[in-house]
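Structure, as structure tokens:
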Amino acid sequence: MSETTPAAAEAAATEPFRYGATLAAEIESRWQDIWEKEGTFNAPNPAGALADPAAGDVVSKPHSFIMDMFPYPSGAGLHVGHPLGYIATDVYARYQRMTGHNVLHTLGYDAFGLPAEQHAVATGQHPRITTEAAMANMRQQLRRLGLGHDPRRSIATIDPEYYRWTQWIFLQIFNSWYDQEAGEGGKARPIAELIAQFESGEREVPGGGVWAELSAAEREELLGEYRLAYSKEVPVNWCPGLGTVLANEEVTADGRSERGNFPVFKSNLRQWMMRITAYSDRLIADLDLLDWPEAIKLQQRNWIGRSEGARVDFAVGSGSAITVFTTRPDTLFGATYMVLAPEHALVDSIVPAAWPAETHEDWKGGAATPAEAVAAYRAEAAAKSDVERQVDAKVKTGVFTGAYATNPVSGEPVPVFVADYVLMGYGTGAIMAVPAHDHRDFAFARAFALPMRCVVQPTDGRTDDPSTWDDAFDTYDSVIVNSAHDDLSLDGLSVVEAKAAATEWLAGQGIGEGTVNYRLRDWLFSRQRYWGEPFPIVYDADGVMHALPESMLPVEVPVVEDYSPHTYDPFDSTSSPKTPLSRNEDWVNVELDLGDGVQTYRRETNTMPNWAGSCWYELRYIDPANGEKVVDPANEQYWLGPTAQKPGGGADLYVGGAEHAVLHLLYARFWHKVLHDLGHVSSVEPFHKLFNQGMITADVYRDERGFPVPAAEVEESGDGRYFWNGEAVKREAGKMGKSLKNAVAPDEIADEYGADTLRLYEMSMGPLDVSRPWDTRAVVGSYRFLQRLWRNIVSEATGELVVTEEEPDEATLRALHKAIDGIRGDMAGLRFNTAVAKAIELNNFLVKRGSTPRSVAEQIVLMVAPLAPHIAEELWRRLGHDGTLTYTDYPVADPAYAVAEAVTCVIQIKGKVKARLEVSPAITDAELEALAMADPAVVAAIGDAPVRKVIARAPKLVNIVTG
RNA sequence: GCCCCGGUAGCCCAGCGGUAGAGGCAGUGGUCUCAAACACCAUCCAGCGUGGGUUCGAAUCCCACCCGGGGCACCA
């Protein structure tokens with residue numbers, strides 16, 4: 001496509017006053033320069049360096065903080081799918097400016113992370129060089145689109161002045177603990193307050209020690225159990241192929257790394273964690289404050305996975321007990337066996353020396369003693385990667401431990417198994433199995449010939465004998481049966497009632513209590529990478545951890561020769577991570593005075609994950625140059641503070657892809673809440689309204705071998721078949737990208753038609769939240785619209801204005817105000833596709849009219865301005881206005897003209913259209929009915945049939961029911 | 001397997017109880033042109049995924065199913 005000479009450019013060469021690619025390019029670059037030079041989109045702050053005395057009383061002006069999801073600057077350059085959201089937020093931001101809002105809209109770069117590092121390793125260039133080049137390239141590409149960003153606020157996460165605050169927030173989190181007793185639902189408090197409680201004896205030191213007598217190492221160990229950021233040996237996701245550990249959220253359902261698709265293994269390693277689980281309840285509850293798509297809220301709720309249930313102790317052996325978590329205490333009488341996770345600590349202590357008499361052969365796993373059987377099974381489970389465990393999930397495996405526990409309600413002995421379908425990381429790592437009413441337990445019980453007991457009355461026609469069942473019966477909507485003994489009877493109670501009754505009884509017996517359990521785990525926060533934020537943490541000669549004081553921030557990423565990660569064979573589960581930063585002894589060993597005189601310390605060599613920088617960037621957009629504080633409270637309050645419309649506060653609009661539903665959005669909410677608890681921000685949520693834009697897809701053409709061929713070179717034959725170089729190829733839908741050879745760059749489209757055309761086309765393709773295919777051929781439609789708009793106002797022959805000075809007639813006013821009314825609503829509701837259609841409709845009206853009154857021209861220019869700002873600015877100037885239209889009021893519809901003067905009323909007989917009438921929109925039902933019944937066509941159609949009923953819905957419809 | 005979202009003209013999409021069509025692309029015919037491209041004018045095209053139901057009336061509401069896209073998936 002790019003090889004052919006743009007036809008429009010040729011035309012422009014011969015017709016210099018015509019709106020073609022050449023004229024569009026000239027207009028666009030000129031206005032982009034003006035906006036930049038005049039700082040048109042600079043938003044004044046209430047306080048600090050970005051406050052503007054000339055802006056007047058900023059605080060009393062309504063604000064609108066509009067954000068795009070933090071882009072990662074890819075070295076590959078943009079395709080037309082990337083800017084979809086950026087154009088949409090720009091259109092909305094421009095509309096907001098024209099309706100009196102102080103608009104904060106900018107775009108920064110999330111520039112730390114794995115891809116940049118991998119790219120650097122591949123090309124041999126330092127990640128800072130490649131990343132900064134990619135950012136410059138992306139800025140250049142985006143500038144051409146005319147996005148109205150405040151350039152003073154465009155931060156980058158790799159800037160030391162930015163990441164010093166990322167490290168500062170880390171220190172806030174590190175130096176905090178979650179006080180469950182504080183406020184409603186608890187809150188984060190400074191760790192110093194906890195230490196004071198231990199010192200004074202107000203709070204008992206766990207383990208019974210005395211604080212003053214503990215060593216520094218012991219104190220730090222203890223505080224690690226409280227800190228919201230802590231370092232601990234935990235089972236983590238180790239990915240040898242990437243050479244780093246990963247958060248649960250970065251591992252796919254089939255046990256592979258989201259990035260790179262390498263196998264991931266469970267490994268016990270000392271790593272940094274964030275205690276996000278302390279916020280589980282608040283992260284769920286505060287979703288109610290947010291204007292987010294329900295689907296995203298649902299995904300967050302599911303990810304956090306709150307379940308209410310009970311902890312129950314099952315006595316085993318003499319004196320010890322296995323504690324299980326269950327959501328179904330109502331089915332306690334149906335618990336016929338138990339299962340421990342292979343890693344469960346109690347396994348060793350309950351295993352007897354020999355198999356009990358009459359132990360089922362299938363339960364022994366072929367071993368001579370229970371200890372052998374358990375050891376063999378554990379070894380087998382440990383060697384499995386998550387992938388294998390996933391693949392094997394359909395078949396239930398396990399072995400009998402040889403031990404029996406006692407069902408606390410039935411008093412019956414229940415065998416205790418070890419099986420990997422029970423996960424150590426959830427609940428207590430142990431379950432009571434109720435095979436009659438749980439699918440997994442049912443499958444296991446069938447495999448091991450375990451007894452089942454039906455305790456919930458089946459309601460689907462099956463008998464109450466589980467031996468005849470094909471699967472468990474797990475409905476909640478039924479009543480409990482077979483569940484009674486001397487002082488507890490659940491029989492006849494509903495499931496919900498029985499849960500409460502059973503929990504209450506257990507608590508009374510001291511063997512259980514109601515509890516809430518979460519699927520969410522603490523967030524693994526360290527990575528073994530070079531290209532990330534270093535931790536502001538050092539270790540002294542005794543290995544005791546010290547946080548650096550604020551004055552020593554930022555801890556800069558050292559400039560080194562060798563920044564490559566230590567990667568391994570992707571399948572080598574025995575390997576262990578090594579940090580790239582540890583190679584650099586000069587940097588690792590550091591002389592510092594942390595209050596005890598100058599001493600040698602070793603730096604923490606892990607780095608923070610990619611998510612760290614994007615967890616708080618909304619705050620820095622607000623106050624990018626603040627050297628004293630993360631954000632000035634006056635500015636935070638103004639832009640993010642809670643209001644009647646947004647009870648939790650947060651940015652007014654946040655647009656981005658749905659793929660960040662749980663990762664970024666959950667982490668950012670968590671950090672924001674910590675900062676709120678510690679008094680740094682007034683808002684409790686970072687993003688009030690979230691909008692997920694759809695994807696732009698593109699046709700992919702594959703040859704016989706299935707390889708993609710360059711989509712731009714494919715030709716369509718008349719009969720709907722496709723050819724490339726004469727060879728038949730197959731068409732399918734796909735993502736846009738280099739690998740599928742179907743990427744279209746925004747620059748190509750801007751070259752041929754101008755950026756305004758590209759913006760308009762992207763906005764008119766369909767609703768913003770729906771994915772839709774790119775069609776280069778269709779772009780010309782948006783171009784023609786702009787040409788017609790231009791022609792309605794400026795002569796193509798002379799470049800002179802052609803608007804008339806007449807007063808618009810009534811029909812024109814009606815068309816105009818109908819358009820204003822509709823477009824305003826569409827703009828406010830982010831329905832840009834229909835807004836464009838209405839603008840085209842009005843413009844087409846003006847074309848047919850033959851001339852355009854000046855007042856109408858001005859209003860249509862203003863209406864189109866958010867969508868196609870360059871041509872609008874140019875026409876506005878040519879219409880005789882000085883300066884930018886950015887802050888000119890958006891047209892307001894006159895209600896007198898916004899309704900049609902006459903409407904067509906349809907007359908139906910039994911739902912079939914028989915006649916039409918032109919009536920006033922103000923007509924009453926009775927008048928309309930009378931008119932309809934008098935209509936000759938209607939009279940004829942009714943004939944002799946009796947009229948049973950007449951439905952009149954003024955002014956559009958009358959339906960006559962006969963017969 | 002479970003949970004979301006979507007199926008309207010050849011294509012992208014409006015309409016979301018009341019005439020199936022706002023807008024765009026493509027197609028067809030014409031104007032312009034020596035021809036063509038561009039542009040302009042005109043025009044063709046679907047009964048709304050399928051099957052039931054509610055209603056005077058259903059693309060629109062309800063139920064079931066089919067197809068496409070996304071998410072979750074031994075979480076006790």
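Everything numeric in this text was worked out from a predicted model, so none of it was measured. Quick note on labels: first sequence line is chain A, next is B, and so on, each numbered from 1.
Between the CD atom of A:Glu752 and the P atom of B:C38 there is a distance of 11 Å, rounded to whole Å. Rounded to an integer number of Å, the gap from CZ of A:Arg306 to C1' of B:A76 is 16 Å. Rounded to whole Å, atom C1' of B:C25 lies 15 Å from atom CZ of A:Arg772. The distance from atom CD1 of A:Ile840 to atom P of B:G23 is 9 Å, rounded to the nearest whole Å. The nearest whole Å value for the distance from the CZ atom in A:Arg831 to the P atom in B:C16 is 10 Å. Rounded to whole Å, the distance from CZ on A:Phe832 to P on B:A14 is 14 Å. Between the P atom of B:C4 and the CD atom of A:Glu294 lies a distance of 11 Å, rounded to the nearest Å. A:Arg948 places its CZ atom 13 Å from the C1' atom of B:U55, with the value rounded to the nearest Å.
For the residue pair A:Asp281 and A:Tyr518, a side-chain donor N or O sits within less than 3.5 Å of a side-chain acceptor on the partner. If you check the side chains of A:Asp313 and A:Thr323, you find a donor sitting under 3.5 Å from an acceptor. With hydrogens and angles left out, the side-chain atoms of A:Thr277 and A:Ser280 include no donor and acceptor closer than 3.5 Å. No side-chain N or O of A:Arg759 forms a donor-acceptor pair with one of A:Thr757 less than 3.5 Å apart. Remark: the A:Tyr421 side chain and the A:Asp441 side chain contain an N/O donor-acceptor pair separated by less than 3.5 Å.
Sorted by residue number, the members of residues 764-771 of chain A with any non-hydrogen atom under 4.0 Å from RNA chain B read A:Met765, A:Pro767, A:Ser771.
Panel note: side chain A:His439, backbone A:Asp471; no donor-acceptor pair is recorded below 3.5 Å. A distance-only check finds a donor-acceptor pair linking the side chain of A:Lys297 to the backbone of A:Leu290 [under 3.5 Å].
Rounded to whole Å, the separation between the P atoms of B:G53 and B:U60 comes to 14 Å. Rounded to the nearest Å, the gap between the P atom of B:A64 and that of B:C4 is 11 Å. Using P as the reference atom, B:A22 and B:G30 are 27 Å apart when rounded to the nearest Å. With both ends at atom P, the span from B:U43 to B:C3 equals 49 Å, rounded to whole Å. Nucleotides B:A58 and B:G51, compared at atom C1', are 15 Å apart to the nearest Å. Rounded to the nearest Å, the gap between the P atom of B:G7 and that of B:A59 is 15 Å. As rounded to the nearest Å, B:G23 and B:C65 have P atoms that lie 39 Å from one another. For B:U31 and B:A36, the P atoms lie 11 Å apart once the distance is rounded to whole Å.
Nucleotide B:A37 forms a pair with no other nucleotide shown, judged by Watson-Crick or G-U wobble geometry with both contacts under 3.5 Å. For B:U43, the paired nucleotide is B:G27, the pair qualifying as Watson-Crick or G-U wobble because both relevant distances are below 3.5 Å. For B:C2, the paired nucleotide is B:G71, the pair qualifying as Watson-Crick or G-U wobble because both relevant distances are below 3.5 Å. Base pairing of B:C32: no nucleotide in any strand meets the Watson-Crick or G-U wobble criterion (both distances under 3.5 Å). Taking a pair to require two hydrogen-bonding distances under 3.5 Å in either a Watson-Crick or a G-U wobble arrangement, B:A14 remains unpaired.
Closest contact between the side chain of A:Arg777 and the listed nucleotides B:C12, B:G18, B:A26 involves B:A26. Nearest nucleotide to the side chain of A:Thr834, out of B:A76, B:A14, B:G23: B:A14. You'll find that the side chain of A:Asp420 is closest to B:C74, out of B:A76, B:C3, B:C74. Comparing B:A76, B:C56, B:C3 against the side chain of A:Arg953 picks out B:C56 as the nearest. Which of B:C74, B:A76, B:G71 sits closest to the side chain of A:Gln299 comes down to B:G71.
Looking at heavy-atom distances under 4.0 Å, A:Ala837 makes contact with a base. Backbone-only engagement by A:Val961 is indicated by non-hydrogen atom pairs under 4.0 Å involving sugar-phosphate atoms exclusively. Within the 4.0 angstrom heavy-atom criterion, base atoms lie near A:Arg519. No contact: A:Asn517 has no heavy atom under 4.0 Å from any strand. A:Gln908 comes within 4.0 angstrom of a nucleotide base, judged by non-hydrogen atoms across all strands. Within the 4.0 angstrom heavy-atom criterion, no nucleotide atom of any strand lies near A:Pro293. Within 4.0 Å of A:Ile951, counting heavy atoms only, lies at least one base atom of the nucleic acid. Looking at heavy-atom distances under 4.0 Å, A:Ile431 makes contact with a base.
Listed pair A:Asn843 / B:G23 fails the phosphate criterion, with no side-chain N or O lying under 4.0 Å from OP1 or OP2. Put simply, A:Asn833 has no side-chain N or O that comes within less than 4.0 Å of OP1 or OP2 on B:C12.
Place A:Lys956 and A:Trp303 on RNA chain B by their nearest nucleotides, and A:Lys956 ends up nearer the 5' end.
With a glycosidic angle more than 90° from 0, B:G17 adopts the anti conformation.
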So A:Asn792 and A:Asn843, side-chain hydrogen bond (donor to acceptor under 3.5 Å, both in side chains) or not? Walk me through it. CA-CA 8 Å; A:Asn792 279 338; A:Asn843 194 53; 2.8 Å; yes
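In terms of the side chain to side chain contact (heavy atoms under 4.5 Å, CB included) criterion, residue partners of A:Ser764 (sequence neighbours excluded) are, by chain and number, A:Tyr761, A:Ser782, A:Val836.
With respect to the salt-bridge test (charged N to carboxylate O, under 4.0 angstrom), the residues A:Arg311 and A:Glu513 do not qualify.
Across all non-hydrogen atoms, the minimal contact from A:Glu762 to A:Arg772 is O-NH1, 3.9 Å.
Between A:Tyr19 and A:Trp790, the ring planes lie tilted relative to each other; the angle falls in the 30° to 60° range.
A:Phe417 and A:Phe444 have their aromatic ring centers within a separation under 6.0 angstrom.
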Could you run down the sub-3.5 Å N/O contacts of the protein with nucleotides 39-41 of chain B?
{"unit_1": "B:A39", "atom_1": "OP1", "unit_2": "A:Arg784", "atom_2": "NE", "d": "3.0"}
{"unit_1": "B:A39", "atom_1": "OP2", "unit_2": "A:Arg784", "atom_2": "NH2", "d": "3.2"}
{"unit_1": "B:A39", "atom_1": "O4'", "unit_2": "A:Arg18", "atom_2": "NH2", "d": "2.8"}
{"unit_1": "B:C40", "atom_1": "OP1", "unit_2": "A:Arg788", "atom_2": "NH1", "d": "3.3"}
{"unit_1": "B:C40", "atom_1": "OP1", "unit_2": "A:Arg791", "atom_2": "NH2", "d": "3.3"}

